[in-house]
Amino acid sequence: MAGLQLQEGQSVQGLRWQVIFPFLFSWLCHSVSGQIHYSINEELRKGSIVGNLAKDLELNVKDLSRRKLRIVSDVSKKYFTINPDNGNLYIADRIDRETLCRAAADCVLTFDAVMENPLNVFSIKMNIQDINDNPPKFVHEKFRIAMSESTSPGRRFVLQKSEDLDVGVNSLISYSLSENQYFALGEKVSTDGSVFPELILERPLDRETQNKHELILTASDGGNPVQTGTALINIIINDINDNSPVFTQDVYKVSVRENIPVNSTILQVSASDEDEGVNAQITYSISTTVDNVLLAFNIDSQSGKITTKGLLDFEVTKYYDISVQAEDGGGLAAHAKVLIEITDENDNAPEISITSSSDLIPEDSPPGSVVALIKVHDPDSGENGEVQCIIAGNLPFELISTGTFYKIATKSSLDREKISSYNITIQASDKGSPEMTSRKVIKLDVSDVNDNAPVFEKLGYTAFITENNLPGASIFSIKATDLDSEDNAKITYYIMSRGNEEDPLSFYISMNPVTGVIYAQKPFDYENHREFNIQIIARDNGSPSLNSSTTLRIYIVDQNDNSPVILYPSSDADSPSFEMVPWTSEQGSLVSKVVAVDADSGHNAWLSYFLQSSEPSLFTIDQHTGEIRTSRGFHDKDIMKHGIVVLVKDNGIPSRSASVTLTMVIADHFHQVLPELSSQSNKEESQSNLQFYLVIALALISFFFMLTVIIAVVSKYKESKSSSFGSLSTSLYPQVDPRFLSQFNPGTLPLPYSYDVCVTLDPSEQDFAFLKPQHNVPVDSLIDADDSGIVNETLKLGPPVENVICQVGF
């Protein structure tokens with residue numbers, strides 16, 4: 001409890017505040033509630049300090065901004081504000097007690113202050129003390145009283161009372177009357193305790209001496225300083241009106257439900273006057289200066305019916321105290337009080353306000369984590385204001401009640417991968433009839449934590465790659481998925497190498513760590529590596545990171561990139577291979593076998609064996625085994641030596657092949673074939689020499705041909721320059737049709753030229769012979785002519801035909 005006294009102007013305004021902690025309780029989020037009580041005067045200057053809220057709550061001033069200390073009441077936020085820098089509670093706007101609480105004896109504003117991290121709620125009661133800021137007021141500043149000159153002294157005339165909006169001592173009113181010779185002031189106390197001033201006639205009136213009197217009625221309240229209000233009384237002296245109106249009741253009471261239609265009749269007051277004529281004609285009026293009464297009700301001046309002028313709202317005003325006046329035609333009046341009680345109707349749905357909330361919660365939050373603090377209020381009363389609050393739907397959240405506040409807390413674990421966000425619908429219903437319900441939706445997103453490892457589509461993968469692939473080509477793609485989000489779902493791929501140090505796996509395979517695409521570093525060779533077993537790791541970018549693995553088995557598919565290799569007979573031998581075939585061999589006898597292998601596999605290594613021969617042979621070969629057998633028995637006319645070319649082909653696409661030559665010698669004994677072999681050796685040596693000389697001859701012929709062409713071109717050029725040279729003719733060049741010359745491009749020989757060249761291949765006769773071309777031979781016949789005749793002619797001029805090579809050219 002603390003008190004604070006403020007001085008403002010000449011008035012002493014007391015400022016007292018109290019801090020009360022009636023109870024403390026722990027929430028799951030470590031929230032603490034307390035109650036603070038302050039007492040202040042109304043009409044304090046804007047910016048005045050009510051108290052230091054941080055000190056009263058024993059809070060650290062440095063934490064106020066971080067913990068967001070604030071007022072949550074809509075009404076109280078208009079009048080009060082908290083400075084987060086020092087924790088002071090300030091007056092934010094003018095506070096008029098009469099506007100807030102009307103004539104209520106106690107005027108208390110209750111509001112809540114909320115802090116976060118951890119969550120705390122404090123209930124604050126602000127008692128607004130009345131000051132004497134309202135003077136007494138009369139309904140009418142002037143009123144008229146008519147009385148007869150025959151009125152006897154001692155007669156009392158009830159005057160209208162004054163109203164003061166203040167309460168307590170400040171509303172106690174005393175009356176005084178201006179000095180005069182005829183009238184004095186008295187009081188009339190009604191049965192309900194209301195005090196009305198009365199005008200008492202002390203001396204007889206004489207209309208002829210003075211026909212009117214003006215008096216000033218002053219009303220003074222009990223405040224300090226005293227506030228006053230005045231009204232002018234005009235007293236008209238006329239003939240006799242000796243009876244005042246009289247109400248049937250001094251106090252009328254009625255209960256009216258709120259929200260009744262406008263112009264509905266509430267009740268009817270009635271007064272009577274025993275006079276006659278004009279003096280008995282009564283006029284009714286509402287005798288008050290309170291605005292809310294004048295705006296809410298109207299009275300019929302003739303019938304006294306009181307009707308509603310506007311809608312009645314229990315939540316705004318619960319009862320009305322109305323003074324009704326009945327005045328006759330002679331100016332005499334009577335007053336009655338009308339008490340109207342407004343009964344509550346269930347016309348307000350509960351109000352749900354979010355005091356504090358978070359729009360994001362980690363999925364690994366433990367049960368009981370607070371996500372929001374809400375306040376539920378129903379301005380209705382009784383059962384109409386009793387509220388039940390629930391969370392609609394089957395959600396993993398629960399409401400924990402703390403008076404008018406509710407905590408929304410998790411009641412089970414959350415999983416973002418199943419539900420990433422929640423729309424929490426808060427439903428508040430009152431107990432009125434009919435029931436009224438309101439809803440509030442709070443959107444809550446669940447933030448991701450790295451609780452899911454990457455998952456591959458398969459536990460193991462298999463890929464088939466053809467050998468001899470291009471370096472750098474993509475050969476496979478692996479993808480893993482992660483149910484988490486953002487960085488927790490970003491996956492990096494790695495290859496766990498299992499290769500040896502001499503031949504590491506990284507030499508052959510690489511992997512894009514982002515896309516999971518696998519590339520070949522170099523061409524694969526099926527004959528060296530037939531498969532690769534790769535362990536692939538997928539790791540996310542969470543903290544801590546999670547990973548999983550899978551196995552990729554890469555099989556290298558064979559291509560037909562190896563030709564068959566003949567193991568027997570060997571093609572690398574210096575001497576040719578001879579196979580002795582007995583002369584007495586029968587048909588189908590096995591005489592030899594070709595053995596070959598292929599480094600490829602499958603169909604690419606299936607070998608087939610064929611004999612390359614355009615003539616019927618004495619031998620056959622098995623296509624699958626390579627076995628060479630006789631096709632028939634041998635005859636005397638058959639030659640002794642046979643050369644066999646065996647072709648070995650694989651079954652690949654395209655097919656590859658190899659060949660080998662076998663010499664089959666048909667003889668029963670080896671000495672039978674020695675002369676034949678010796679002759680064969682000589683022939684082979686002669687053939688070798690012949691090939692050597694043939695190469696030299698072709699080179700020389702080409703040289704002389706080019707030289708002849710150059711000389712011919714130069715000679716022709718000189719002939720075209722000399723007229724005498726143009727008259728020459730030669731038998732070497734027959735007449736040619738000019739149309740034929742147009743077919744040759746510039747730079748070629750100007751005329752067709754036919755020549756024969758022969759060279760002897762005998763080492764003792766190394767000379768060349770140029771054969772003279774025949775005259776008058778058509779060009780077509782030169783091009784297409786058979787050179788057999790030339791050979792025959794050559795036979796007459798030179799060495800034997802086997803040692804001479806002849807060439808015919810143009």
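For the single chain, residues carry numbers from 1 onward in sequence order. Only a predicted model underlies this, so the values are computations on that prediction, with no experimental measurement involved.
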Between Asn346 and Gly432, what is the shortest heavy-atom contact and its length?
ND2-CA, 3.3 Å
Can you tell me how far CD of Glu363 sits from CZ of Arg416, rounded to the nearest 0.5 angstrom?
6.0 Å
Interatomic distance, CG@Asp164 vs OG@Ser171, rounded to 0.5 Å, equals 6.0 Å
Go through the steps for Ile322 and Ile340 under the test side-chain contact (heavy atoms from CB on, under 4.5 Å), then give the verdict.
CA-CA 8 Å; Ile322 304 174; Ile340 301 175; 3.6 Å; yes
From the list Leu119, Val72, Asn117, side chain to side chain contact (heavy atoms under 4.5 Å, CB included) with Ser356 holds only for Leu119
Side chain Glu42, main chain Arg97, donor-acceptor under 3.5 Å
yes
Side chain proximity check, Asp451 to Glu417, heavy atoms < 4.5 angstrom:
yes
To the nearest 0.5 Å, what is the distance between CG on Asn384 and CD on Glu315?
9.0 Å
For the side chain to side chain contact (heavy atoms under 4.5 Å, CB included) test, which of Val371, Leu399, Val370 pairs with Lys407?
Val370
Under 4.0 Å between a Lys/Arg side-chain N and an Asp/Glu carboxylate O for Glu258 and Lys318?
no
For this output row, return yes or no: ring centroids of Phe80 and Tyr90 closer than 6.0 angstrom.
no
Taking all non-hydrogen atoms of both residues into account, name the closest pair between Ile537 and Ser549 and its distance.
CD1-CB, 3.3 Å
Please say which of Leu109, Ile71, Thr110, Leu53 ends up in a side chain to side chain contact (heavy atoms under 4.5 Å, CB included) with Ile124.
Leu53
Could you tell me whether Arg94 and Glu43 have a side-chain N and a carboxylate O separated by less than 4.0 Å?
yes
Apply side-chain contact (heavy atoms from CB on, under 4.5 Å) to the pair Asp540 and Asp487, showing each step before the final yes or no.
CA-CA 7 Å; Asp540 59 30; Asp487 285 346; over 6 Å; no
Just by modelled atom types, is the Lys46 backbone N or O under 3.5 Å from a matching donor or acceptor in the Asp93 side chain?
no
Rounded to the nearest 0.5 Å, what separates atom CD in Glu345 from atom CZ in Arg257?
5.5 Å
Is it true that Lys375 and Asp112 make a salt bridge, defined as a side-chain N closer than 4.0 Å to a carboxylate O?
yes
Does a sphere of radius 6.0 Å around NZ in Lys418 hold more than 12 heavy atoms from other residues, nucleotides or ligands, not counting ones at 6.0 Å or beyond?
no
For Gln325 and His335, which I'm curious about, is there any donor-acceptor pair between the side chains at under 3.5 Å?
yes
Do side-chain atoms of Tyr493 reach the backbone of Ala480 as a donor and acceptor pair under 3.5 angstrom?
yes
Identify the two heavy atoms, one from Asp344 and one from Ser381, that lie closest to each other, and give their separation to 0.1 Å.
OD2-N, 3.0 Å
Is a donor on one side and an acceptor on the other found under 3.5 Å between the side chain of Asp380 and the backbone of Asn348?
yes
Is the NZ atom of Lys411 crowded by more than 12 outside heavy atoms at less than 6.0 Å?
yes
Cut-off 3.5 Å, side chains only: do Gln227 and Asn134 have a donor facing an acceptor?
no
Show your working on side-chain hydrogen bond (donor to acceptor under 3.5 Å, both in side chains) between Asn259 and Asp347 and close with a plain yes or no.
CA-CA 8 Å; Asn259 298 324; Asp347 59 341; 2.6 Å; yes
For Asp430 and Met436, indicate whether the former's side chain and the latter's backbone hold a donor-acceptor pair under 3.5 Å.
yes
Do Ser412 and Phe397 have side-chain heavy atoms sitting under 4.5 Å apart?
no
The test is side-chain contact (heavy atoms from CB on, under 4.5 Å); show your working for Asn88 and Ile82 and say whether it passes.
CA-CA 6 Å; Asn88 287 336; Ile82 299 174; over 6 Å; no
Salt bridge (charged side-chain N to carboxylate O under 4.0 Å, His left out) assessment of Glu116 paired with Arg70
CA-CA 10 Å; Glu116 298 182 3; Arg70 62 191 184 277; 3.2 Å; yes
Who are the salt bridge (Lys or Arg N to Asp or Glu O under 4.0 Å) partners of Lys337, not counting sequence neighbours?
Asp192, Asp321
Do Ile299 and Val269 have side chains that approach each other closer than 4.5 Å (heavy atoms only, starting at C-beta)?
yes
State whether the side chain of Asn52 and the backbone N or O of Asn86 hold a donor-acceptor pair below 3.5 Å, judged by distance alone.
yes
Flag, side chain of Arg539 to backbone of Ala453, donor-acceptor distance under 3.5 Å:
no
Centre of Phe456's six-membered ring, under 6.0 Å away, within 45 degrees of the axis: is that where NZ or CZ of Lys458 sits?
no
Okay, side chain of Asp484, backbone of Asn452: is any donor-acceptor separation there less than 3.5 Å?
yes
For Asp448 against Ser485, the heavy-atom pair lying closest together
OD2-N, 3.1 Å
Which heavy atom of Phe297 sits nearest a heavy atom of Leu312, and at what distance?
CZ-CD2, 3.9 Å
Would you please name every residue forming a salt bridge (Lys or Arg N to Asp or Glu O under 4.0 Å) with Asp415, sequence neighbours left out?
none
Any donor-acceptor N/O pair, Thr288 side chain to Val290 backbone, under 3.5 Å
yes
With sequence neighbours left out, which residue pairs that include part of residues 304-314 fulfil the side chain to side chain donor-acceptor pair (under 3.5 Å) condition?
none
Any side-chain donor-acceptor pair under 3.5 Å between Glu163 and Thr289?
yes
Nearest 0.5 Å, what's the CG-CD1 distance between Leu294 and Ile286?
6.5 Å
Polar contact flag, side-chain donor to acceptor under 3.5 angstrom, Asn541-Asn488
no
Does Val441 offer a backbone N or O that forms a donor-acceptor pair with the side chain of Thr425 under 3.5 Å?
no
Would you check, one step at a time, whether the test side-chain hydrogen bond (donor to acceptor under 3.5 Å, both in side chains) holds for Asn132 with Asn224?
CA-CA 7 Å; Asn132 192 27; Asn224 184 12; over 6 Å; no
If you take all heavy atoms of Ile342 and Phe314, which pair is closest and at what distance?
O-CD1, 3.2 Å
Report the C-alpha distance between Ser39 and Gln129 in whole Å, list the side-chain angles of each, state the deciding distance to 0.1 Å, and finish with yes or no for side-chain hydrogen bond (donor to acceptor under 3.5 Å, both in side chains).
CA-CA 7 Å; Ser39 180; Gln129 299 292 336; 3.1 Å; yes
Could you check whether Asp56 and Tyr38, counting side-chain N and O atoms only, form a donor-acceptor pair closer than 3.5 Å?
yes
Under 4.0 Å between a Lys/Arg side-chain N and an Asp/Glu carboxylate O for Glu386 and Lys431?
yes
Are there over 12 heavy-atom neighbours, none belonging to Gln268, within less than 6.0 Å of that residue's CD?
yes
What distance do Cys389 atom SG and Ile352 atom CD1 have between them, rounded to the nearest 0.5 Å?
5.5 Å
Atom CG of residue position Leu360 - does it have more than 12 heavy atoms of other residues, nucleotides or ligands inside 6.0 Å?
yes
